[in-house]
Amino acid sequence: MAEPRNNTVYCRNLEESVKIPVLTATLETLFSQYGTILEIVAKKNLRARGQAFVVFDSPDAAERAIKEVQGFNLFEKPMVLQYAKTKSDATVQAESSDIEFDAHKRRRLAEKDRKQAIRAAEAQKHLKRPAQSGPSHGLPADSSRPTKKAATGPSAPGGLKSTAAPAAPQIPDEYLPPNKILFLQNLPDNATSDILNGIFGSFEGFKEVRLVPGRKGIAFVEYENEAGAISAKENTQGMSLGPDGSGVVKVTYQRQ
DNA sequence: AGCACA
């Protein structure tokens, strides 16, 4: 799918043997005729080589560059150009306030961590081939799925071998993708539903807090939509409900 | 193929 307009041109199919300073200098001379370039980002690690990001000061400049340079042979290889799929830091810095820039960067780094965690889990899956053992369905003590009853696990009576496929390695809580339900952990005993309603009720689209009978320290908070949950999470991250400033509540998205 | 910005 084609990316929407962006100030940044994502270049791929670049010759990988060219040294980074040479590459960026060449891209600079080639692209500067289409507009002002704020920055060019190119790296040489395995996942990033052969690609570059050319940050223009406007989407129009980026559009011109893509139209004109598409397929141009650079170091004997035809460049493939498209809009970058996210805004460059340099763009946000140039166009937004410092606090927005700060927020952008925090979100970006969080997303980067999340991707990294997913890759790590993927890599495990591909080398480990774990034996079928144990309740590897994730969080046996803290499952973030209140509405489902405990999965009928390998400990089912009868001593039958489970025929279930080994569970895929799970992404840690903190990297779960956003959704409209938050999962709270490490709540102090004094965190009554009144208190939680007071705190989480002030974010857009709040629906309800659900305590889990018989489970101390955890709760779920549901919003009408993802946006509400995201803002609630961002604003309650690291919040401490204990008396002295202890008892930092862990706020993540519900595992789906 | 691969979407980064220590």
Side-chain angles (χ1 to χ4, degrees), chain A residues 1-32 34-127 168-169 171-172 174-178 226 230 234 237-238:
Chain A
M1 193 191 76
E3 300 298 336
R5 276 160 69 80
N6 190 301
N7 286 19
T8 299
V9 177
Y10 169 65
C11 316
R12 59 178 183 84
N13 199 39
L14 304 174
E15 172 55 48
E16 301 185 6
S17 62
V18 176
K19 295 280 183 291
I20 296 297
V22 176
L23 178 64
T24 52
T26 310
L27 291 171
E28 160 104 47
T29 35
L30 177 60
F31 279 110
S32 55
Y34 304 101
T36 303
I37 295 175
L38 270 45
E39 189 183 21
I40 297 180
V41 177
K43 303 180 75 173
K44 69 170 193 311
N45 66 66
L46 185 60
R47 214 170 47 251
R49 66 181 55 157
Q51 301 151 78
F53 298 82
V54 180
V55 186
F56 285 100
D57 66 345
S58 77
D60 283 354
E63 179 177 0
R64 285 191 293 272
I66 290 176
K67 288 222 165 86
E68 303 291 329
V69 186
Q70 189 66 269
F72 180 83
N73 258 45
L74 185 68
F75 307 112
E76 328 274 78
K77 298 187 69 178
M79 286 192 279
V80 179
L81 307 180
Q82 41 195 279
Y83 292 114
K85 52 170 65 147
T86 59
K87 274 194 185 188
S88 299
D89 286 357
T91 303
V92 179
Q93 180 152 47
E95 295 180 351
S96 317
S97 67
D98 284 3
I99 57 154
E100 280 178 285
F101 176 59
D102 197 66
H104 163 85
K105 221 159 162 178
R106 281 225 310 276
R107 279 193 292 268
R108 178 171 76 67
L109 293 177
E111 187 59 16
K112 183 177 179 174
D113 273 7
R114 195 173 83 75
K115 294 242 183 78
Q116 161 61 32
I118 291 169
R119 271 196 300 272
E122 269 316 295
Q124 289 301 54
K125 173 157 54 177
H126 287 310
L127 21 136
I171 299 168
E174 40 277 59
Y175 301 122
L176 292 170
E226 204 173 286
I230 291 172
E234 287 182 354
Q237 205 65 276

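Computed from a predicted structure; not experimentally measured. Chain letters run A, B, ... following the sequence lines, proteins first and then strands; every chain starts at 1.
Distance NZ (A:Lys112) to C1' (B:dC3): 12 Å, rounded to an integer number of Å. Protein atom CG of A:Leu46 is 15 Å distant from nucleotide atom C1' of B:dC3, rounded to whole Å. Put simply, CD on A:Glu122 is 15 Å from C1' on B:dG2, counting in whole angstrom units. A:Arg49 has its CZ atom 15 Å from the C1' atom of B:dA4, to the nearest Å. Residue A:Arg114 contributes atom CZ, which lies 14 Å from atom P of B:dC3 at whole-angstrom precision. Rounded to a whole Å, the NE2 atom of A:His104 is 8 Å from the C1' atom of B:dC5. One can place CG of A:Leu14 at 15 Å from P of B:dA4, the figure rounded to the nearest angstrom. At whole-Å resolution of the value, NZ in A:Lys44 and C1' in B:dA4 are 15 Å apart.
In this structure, A:Tyr83 reaches the bases: a heavy-atom distance under 4.0 Å links it to at least one base atom across the strands shown. Residue A:Glu111 is out of contact with every strand shown, counting any heavy-atom pair closer than 4.0 Å. Residue A:Ala84 is classed as a base contact, given a heavy-atom separation below 4.0 Å to a base. Among the atoms of the strands shown, base atoms are found under 4.0 Å from some heavy atom of A:Lys87.
Scanning for salt bridge (Lys or Arg N to Asp or Glu O under 4.0 Å) contacts around A:Arg5 gives A:Asp60, A:Glu63, with sequence neighbours left out.
Side-chain atoms of A:Lys85 and base atoms of B:dA4 include no donor and acceptor less than 3.5 Å apart. The base of B:dA4 is not paired with the side chain of A:Thr8 by any donor and acceptor separated by under 3.5 Å. Not a single donor-acceptor pair, N or O on each side, falls under 3.5 Å between the base of B:dA4 and the side chain of A:Gln116.
Remark: side-chain polar atoms of A:Thr24 are paired, donor with acceptor, to backbone N or O of A:Pro21 under 3.5 angstrom. Although no hydrogens or angles enter the test, the distance criterion places a donor-acceptor pair under 3.5 Å between the side chain of A:Ser58 and the main chain of A:Ala61. Remark: side-chain polar atoms of A:Asn6 are paired, donor with acceptor, to backbone N or O of A:Thr86 under 3.5 angstrom.
Looking at the side chain of A:Arg12, the nearest of the listed nucleotides B:dC3, B:dG2, B:dC5 is B:dG2. Distances from the side chain of A:Glu16 to the nucleotides B:dA4, B:dA1, B:dA6 place B:dA1 closest.
Looking at residues 53-71 of chain A, you'll see A:Phe53 sit with a heavy atom under 4.0 Å from some atom of DNA chain B.
Between A:Arg114 and A:Glu111, at least one side-chain N (NZ, or NE/NH1/NH2) sits under 4.0 Å from a carboxylate O, which counts as a salt bridge.
Between A:Tyr10 and A:Phe53, the two ring planes are tilted [angle within 30° to 60°].
Note on A:Lys43: a side-chain N or O is less than 4.0 Å away from OP1 or OP2 of B:dC5. Remark: A:Lys105 is not in phosphate contact with B:dC5, judged by side-chain N or O atoms under 4.0 Å from OP1 or OP2.
Each of A:Thr8, A:Val9, A:Thr36, A:Leu38 was compared with A:Phe56 under the side-chain contact (heavy atoms from CB on, under 4.5 Å) criterion, and only A:Val9 meets it. Checked against A:Asp102 for a side-chain contact (heavy atoms from CB on, under 4.5 Å), the options A:His104, A:Lys105, A:Arg106 give a single hit: A:Arg106.
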